[in-house]
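I have placed the structure first, in the form of structure tokens, so that the comments after it can refer back to it.
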Amino acid sequence: MHITAQKIKEAAEALECTELKSFMFQEPTAGPLTRRRRSSRSTGRSRRSTRGTRRSTRRSTRGTRRSTRRSTRGTRRSTRRSTRRSTRGTRRSTRGTRRSTRRSRRSTRRSRRSTRRSRRSTRRSTRRSRRSTRRSRRSTRRSTRRSRRSTRRSRRSTRRSRRSTRRS
């Protein structure tokens with residue numbers, strides 16, 4: 001049994017299948033469904049070149065990633081070291097300043113104490129000198145009074161004796 005176009009048309013009309021009609025009598029505008037294959041040699045070469053480029057790009061990206069990681073690690077380490085050194089330096093400087101301020105405060109306290117002691121001693125000495133001067137003044141006054149009294153008494157006695165001699 002030989003299949004012809006007329007038989008197919010008759011079968012399609014009999015079936016009344018719209019899909020088969022649209023498929024059978026469609027104009028070939030979509031183009032071929034399968035792409036033409038290139039020669040096996042050129043496709044092998046292109047595949048190898050694409051693989052090589054992919055590998056090279058992967059290696060380059062890996063290298064760049066490693067280099068960036070190393071650089072970031074180095075920068076992190078350097079920043080940590082610098083921050084540690086700076087913090088150590090600031091701590092040492094603050095300790096030194098604290099010690100110097102403590103020493104200066106101690107020295108000022110000592111100087112204040114010494115000045116207070118010297119003032120006290122000077123006050124005491126001035127008080128003692130004043131007391132001694134007062135005592136000496138008192139003693140001189142007493143002695144002058146006594147001497148005056150004794151001179152008065154002696155004068156009186158001499159006068160009395162003269163009077164008595166005159167009377168006799």
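Count residues from 1 along the sequence. For clarity, every value in this text was computed on a predicted model and none was experimentally measured.
Taken to the nearest 0.5 Å, the CZ atom of Arg135 stands 11.0 Å off from the CZ atom of Arg128. We find the CZ-CZ distance between Arg58 and Arg65 to be 11.0 Å, quoted to the nearest 0.5 Å. Note that CZ of Arg134 and CZ of Arg127 are 11.0 Å apart. Values are rounded to the nearest 0.5 Å.
Contact record, Thr61 with Thr64: O-OG1, 2.6 Å, taken as the closest heavy-atom pair. Closest approach of Ser129 to Ser132, counting heavy atoms only: O-OG, 2.6 Å.
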